[in-house]
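Structure first, commentary second.
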Amino acid sequence: MFLEFKKQVSSALEDAVASLGFQTDDLGLEASQHADIASKVAFRLAAQAKQNPKELAEKIAEAIFLPDDSLIGEITTVGPYININANRNYIDETVFRIRKEEDGFGGGFCEGRILLEHTSANPNGPLHVGHIRNSIIGDTLKRILMRAGYDVETQYYVNDMGRQIAIVSWALTQFEFDTSRKPDHAIADVYIKANAKLNDNPEKVSEIDSRMQLVEKGDEATIKSFDEAVALVVEGIRETLLRMNVEHDSFPHESGFIRSGAVNRIVEEIKATGRTEVDDGALVVDLSDYGFEKTLVIQRSDGTSLYTTRDLAYHEWKGERADRMIDVLGADHKLISGQLKATLNAIGKKEPEIVIFEFVSLPEGSMSTRRGKFIPADDLLDKIEDQAYVEVEKRRPEMPDEFKRQVARNVGIGAVRYDIVKVSPEKSTVFDWKEALDFEKQGGPFIQYSHARACSILKKAQEDGLWDSARPIDPSLLIEDTEVDLIKKMAAFDSVIETSSRELKPHSVAIYARELADSFNQFYRFVPVISAEDEEVRSVRLALVDCARIVLANALDTLGIAAPESM
RNA sequence: GGUCCCGUGGCUUAGCCAGGAUAUAGCAUCGGGCUUCUAACCCGAGGGCCGGGGGUUCAAAUCCCUCCGGGAUCGCCA
């Protein structure tokens, strides 16, 4: 709804500026604490108009023409600022729309097909607390883009033939596989042992090399041993992701692009550009004109392909199947993803948009599956759910155990997802158990609680025979400050989705959801609903609570966090 | 050493790309609020030369330069 208001403001301001004989492509619109939206256009035009910004602002404000059905209300100037407020129509219309559109409210203004790749961790062990930053950013992005209106397919690109996987398959011949453990964890055990053994016995490395050559040549027994190990780990990873409400639509395997011949084809295409040369037996690409000093290796001296080579083929394939490709990658991929884009560009292929997130490290240093230095996501989820159970027990001791477990799951995952997504991806973080298990106030559970609270009011009203969602309402009775603030906050949801989908920044949705819950809680505190004296007022306030329930649920859904009716 | 990212009250953090009105919020601290729709809540207070220094501008947390601190990365790993 705010998007529509903003559009009207833009066009009204443009017309006003034009009517005074000026031109600008920057209306300087910004959120403001003094109005629903403010314009700094007078600053921009002051030089051109040779007038002082204050007088200019007044002239522009006077020149604004508003049609009858406008959403724009009061317009004032304070110095050079033009402060523009929405009118009553905006408030009332917002309430009507939320009730009409329900779970669709706040989206549906974009179209196109997007392939979104995220997580794609190597299947050599379980997801750890660093990986899930990728998963949560990626999954939230998916939800944001889908709400915005895009057709989104998420993919987990499975590395089923890299060096690490060769080590895993070798490890299974060297060490006993503990079938009593979750398979991704059991694989990590033997993988860690294998790496230690290879470290102590460097002559064994040739066994890994030969496995890689065999799999690339299509040796069935070797491929089978890789596949089995990979399938075990991927199954465990999917289970972990599902616990966090993360689900991928497909799992393309790297080997598929070798077998289809796509990798060989793309190597030939790159050769045809004349950019390649053989350096020390390896095939390298010159990307110096793209600003990369070092060449990019796309084939080992033994002729086998690298991750990068297979990734090029994968992106070519994706580019043919979508309007946009988005990859969520860790900071260690910054350079390689730039080289990937440059190479795709050099052969005339579509390039992906890359979302980079910085690392999550441990107090003692960076995480490493190979060295066994990591905290499995499963451990974090187990502990946070245990902690959440304690919190539920404290508050709802009388409820059945099944209820408490369910709430603990929802709240625990909500806390984890919110905690991770609320921070800008470009900040590196250090994982801290104490912090992770501390139910930070005004985090995920705070928003879930607000939703439960709205549900609780509606439930009670319904039991008392006071609430009927079909009954006509008169939103103009919603005049308390906290009511209007809440409605305006809800109206802004579409604009938050629009911005975060355009900038691919999921954390702004997290901030918004918290602010929305905050607005609702203030309304709850100051305005009686069920006990409102006037029947009409009570009805419309109940409708407002229902609106809050809807928008809170939409915001939570966008964050991949459950919206419990009771907790 | 080169390149990229980050550095905002005790801690975590928004704003920076598109410079402008008293710099955002949470945690923690202190004070207040449950006979009233779930207190996982609400209200209030203190606390910041926006890492340091230069520059551009009428105006800099925001742009440029430089230094310091942290992270990432620098061909046959992914």
Side-chain angles (χ1 to χ4, degrees), chain A residues 26 28-34 38 40 43 46-47 53 78-81 83 120-122 124 159 162-165 279-285 291-302 304-308 310-311 329-336 338-339 356-359 361 366 370 388 391-392 394-396 407 411 415 419 422-430 432 435 438-450 452-461 464 503 507-508 511 514-515 517-518 521-522 524-532 541-542 545 566-567:
Chain A
D26 179 12
L29 289 177
E30 63 178 13
S32 165
Q33 43 195 321
H34 310 281
K40 298 180 292 196
F43 275 120
V78 177
Y81 293 91
N83 289 331
S120 301
N122 277 330
N124 50 14
N159 172 1
R163 174 165 291 272
Q164 278 94 332
I165 307 312
D279 184 357
D280 233 347
L283 188 66
V284 301
V285 191
F292 296 100
E293 281 186 34
K294 305 239 176 169
T295 55
L296 174 69
V297 180
I298 56 170
Q299 213 166 54
R300 293 193 185 92
S301 42
D302 67 1
T304 55
S305 62
L306 288 100
Y307 158 81
T308 315
R310 303 184 292 264
D311 211 22
L329 301 170
D332 53 337
H333 283 67
K334 246 185 256 185
L335 177 64
I336 194 73
Q339 291 171 321
I356 294 286
F357 67 94
E358 292 289 332
F359 269 45
S361 54
S366 56
R370 180 168 48 84
E391 302 287 334
V392 186
K394 230 188 278 177
R395 296 171 170 87
R396 308 295 294 273
V407 171
V411 165
D419 236 31
K422 71 169 184 191
V423 182
S424 299
E426 65 268 18
K427 301 245 187 193
S428 50
T429 61
V430 177
D432 174 31
E435 219 170 283
D438 178 28
F439 276 78
E440 198 186 325
K441 299 193 173 165
Q442 302 229 346
F446 168 78
I447 303 158
Q448 292 174 306
Y449 184 71
S450 304
R453 193 176 242 177
C455 290
S456 169
I457 294 172
L458 295 170
K459 185 163 173 262
K460 182 152 197 307
D464 296 349
E503 298 178 348
H507 76 284
S508 47
I511 311 282
R514 188 186 48 72
E515 288 172 355
D518 207 29
N521 282 331
Q522 281 178 48
Y524 170 86
R525 165 69 181 77
F526 288 110
V527 181
V529 178
I530 290 174
S531 57
R541 282 184 184 162
L542 280 164
V545 171
S566 175
M567 62 186 267

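Below, chain A is the first sequence line, B the second, and so on; all start at residue 1.
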[X] near the nucleic acid: base, sugar-phosphate alone, or nothing, with a heavy-atom cut-off under 4.0 Å?
X      : value
A:E515 : nothing
A:Y81  : base
A:R396 : base
A:R310 : sugar-phosphate
A:V407 : base
A:R395 : base
A:V285 : nothing
A:A461 : nothing
A:D311 : nothing
A:S566 : base
A:K334 : base
A:N124 : nothing
A:S456 : base
A:G162 : sugar-phosphate

Using the [atom1] atom on both, measure [N] against [M] and round to a whole Å.
N     : M     : atom1 : value
B:G70 : B:C64 : C1'   : 23 Å
B:C63 : B:G19 : P     : 9 Å
B:G69 : B:G51 : C1'   : 8 Å
B:U12 : B:G2  : P     : 29 Å
B:C30 : B:G71 : P     : 34 Å
B:A61 : B:A14 : C1'   : 12 Å
B:G15 : B:C6  : P     : 11 Å
B:G48 : B:C11 : C1'   : 14 Å

Please classify B:G75 as syn or anti, treating any glycosidic angle within 90° of 0 as syn.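 That one's syn.
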Nearest atoms (heavy-atom pairs only) where [X] meets [Y]:
X      : Y      : result
A:K422 : A:I511 : O-CD1, 4.2 Å
A:D518 : A:Q442 : OD1-NE2, 3.9 Å
A:A38  : A:N83  : CB-OD1, 3.5 Å
A:R453 : A:N521 : NH1-OD1, 2.7 Å
A:F43  : A:P80  : CZ-CG, 3.4 Å

Upstream residue (5' side of RNA chain B) when A:H333 and A:E30 are each assigned their closest nucleotide: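 The 5'-side residue here is A:E30.
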Find which nucleotide of RNA chain B each of A:A282 and A:S428 is nearest to by heavy atoms, and output the residue with the more 5' nucleotide.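 With A:A282 and A:S428 compared, the 5'-side residue is A:S428.
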Residue matched to [N] through Watson-Crick or wobble contacts both under 3.5 angstrom:
N     : answer
B:G44 : B:C30
B:G19 : none
B:U3  : B:A72
B:A59 : none
B:A25 : B:U12

With a 3.5 Å cut-off and no angle check, do the side chains of A:R370 and A:N124 form a donor-acceptor pair?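 A:N124 and A:R370 do not have a side-chain donor-acceptor pair below 3.5 Å.
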Full working for side chain to side chain contact (heavy atoms under 4.5 Å, CB included) between A:K40 and A:Y81: CA-CA 5 Å; A:K40 298 180 292 196; A:Y81 293 91; 3.9 Å; yes
Quick one: does A:R300's side chain have a donor or acceptor within less than 3.5 Å of a partner on A:S305's backbone?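 Confirmed, A:R300 side chain pairs with A:S305 backbone.
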Chain A contact limits on RNA chain B, taken 5' to 3' with a cut-off of 4.0 angstrom to heavy atoms: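 Using the under 4.0 Å cut-off, the span is B:C4 to B:A78.
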Can you tell me which residue among A:V527, A:I530, A:V529 is in a side-chain contact (heavy atoms from CB on, under 4.5 Å) with A:V545?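 When side-chain contact (heavy atoms from CB on, under 4.5 Å) is applied between A:V545 and each of A:V527, A:I530, A:V529, only A:V529 qualifies.
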